[in-house]
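Remember, it's a predicted structure, so these values are computed and weren't measured experimentally. So you know, we letter chains A, B, ... as the sequences are listed, proteins then strands, and number each from 1.
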Amino acid sequence: KQEVTQIPAALSVPEGENLVLNCSFTDSAIYNLQWFRQDPGKGLTSLLLIQSSQREQTSGRLNASLDKSSGRSTLYIAASQPGDSATYLCAVKTSYDKVIFGPGTSLSVIP
Amino acid sequence: AAGVIQSPRHLIKEKRETATLKCYPIPRHDTVYWYQQGPGQDPQFLISFYEKMQSDKGSIPDRFSAQQFSDYHSELNMSSLELGDSALYFCASSLPGLNEQFFGPGTRLTVL
């Protein structure tokens, strides 16, 4: 059974710092991995999608990597800003139409 | 660009009542997913549809049912509501295959 974990559960950093969020999954047989951002009480915004055959994806200040064999993905945020404060969730696609989410990392960027 | 539309955005029901949530996917997306997110929880996959057929099933209670219609919109029907059903219900859509899921804003259901 696929399990997805995220470390740390919460993170507080001063503005301008670079930071790394971690996502681990127990079964390497995934189709893809997607990183989302969720603001309190709001919907999920897709940040990056990495297919199982890819190693990384970049979008602006965000870079996500995927190591399927070790069951890990990282989300790197460069030059963090207060507007980056949110909960970040990773989700793995385990079958054609099923996705399992991690518990999320709550990020707070202090001005 | 058009996004996933969910209605209603907020819904308040009494215990044992029924509720119907609607989801309108992004145009040309034929796969729809439903998720339930309880307070402080991560989203839990309920059910998905591809080309109007159920394609996968997660932790959806027997009291819930869903379907996808010919115009690809989907409805989640919830009966005999319980207090524990209070949650944010998300719908997502994607193109067929391994593509990105795009989420709607969610429907916040409160059961009193």
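One distance of note links NZ of A/K93 with OG of B/S94; it measures 5.0 Å at 0.5 Å rounding. Residue A/T87 holds its OG1 atom at 11.0 Å from CG of B/D42, rounded to the nearest 0.5 Å. Distance check, rounded to the nearest 0.5 Å: CD of A/Q34 to CD of B/E100 gives 5.0 Å.
Counting heavy-atom neighbours within 6.0 Å of A/R61 CZ, excluding the residue itself, gives a total above 12. Shown here is B/K22, whose NZ atom has no more than 12 heavy atoms of other residues, nucleotides or ligands within 6.0 Å.
Side-chain rings of A/F101 and B/Y35 approach one another, their centers coming within less than 6.0 Å.
Interface summary for chain B: among A/S106, A/G104, A/G102, the most heavy-atom pairs under 4.5 angstrom belong to A/G102.
Neither the backbone nor the side chain of B/Q6 comes within contact range of chain A, judged by heavy atoms closer than 4.5 Å. For a residue to count as touching a neighbouring chain, one of its non-hydrogen atoms must lie under 4.5 Å from one of that chain's; by this rule B/F102 does not touch chain A. With a threshold of 4.5 angstrom between heavy atoms, A/L44 approaches chain B through its backbone and through its side chain.
In this structure, A/L89 and B/P43 have side chains that are in contact, with non-hydrogen atoms separated by less than 4.5 Å.
Put simply, A/L11 and A/V109 are part of the same group of oily side chains (I, L, V, M, F, W, Y) that touch within less than 4.5 Å, one to the next. Follow the hydrophobic side-chain contacts under 4.5 Å out from B/I47 and you reach B/F64 in the same cluster. The cluster map of Ile, Leu, Val, Met, Phe, Trp and Tyr, joined by side-chain heavy atoms under 4.5 Å apart, puts A/Y76 and A/W35 in different clusters.
Nearest heavy atoms, B/Q101 versus A/V99: NE2-CG2, 2.7 Å.
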Practice prompt. Apply side chain to side chain contact (heavy atoms under 4.5 Å, CB included) to the pair B/F90 and A/Q38, showing each step before the final yes or no.
Written response: CA-CA 12 Å; B/F90 289 107; A/Q38 186 174 32; 3.6 Å; yes
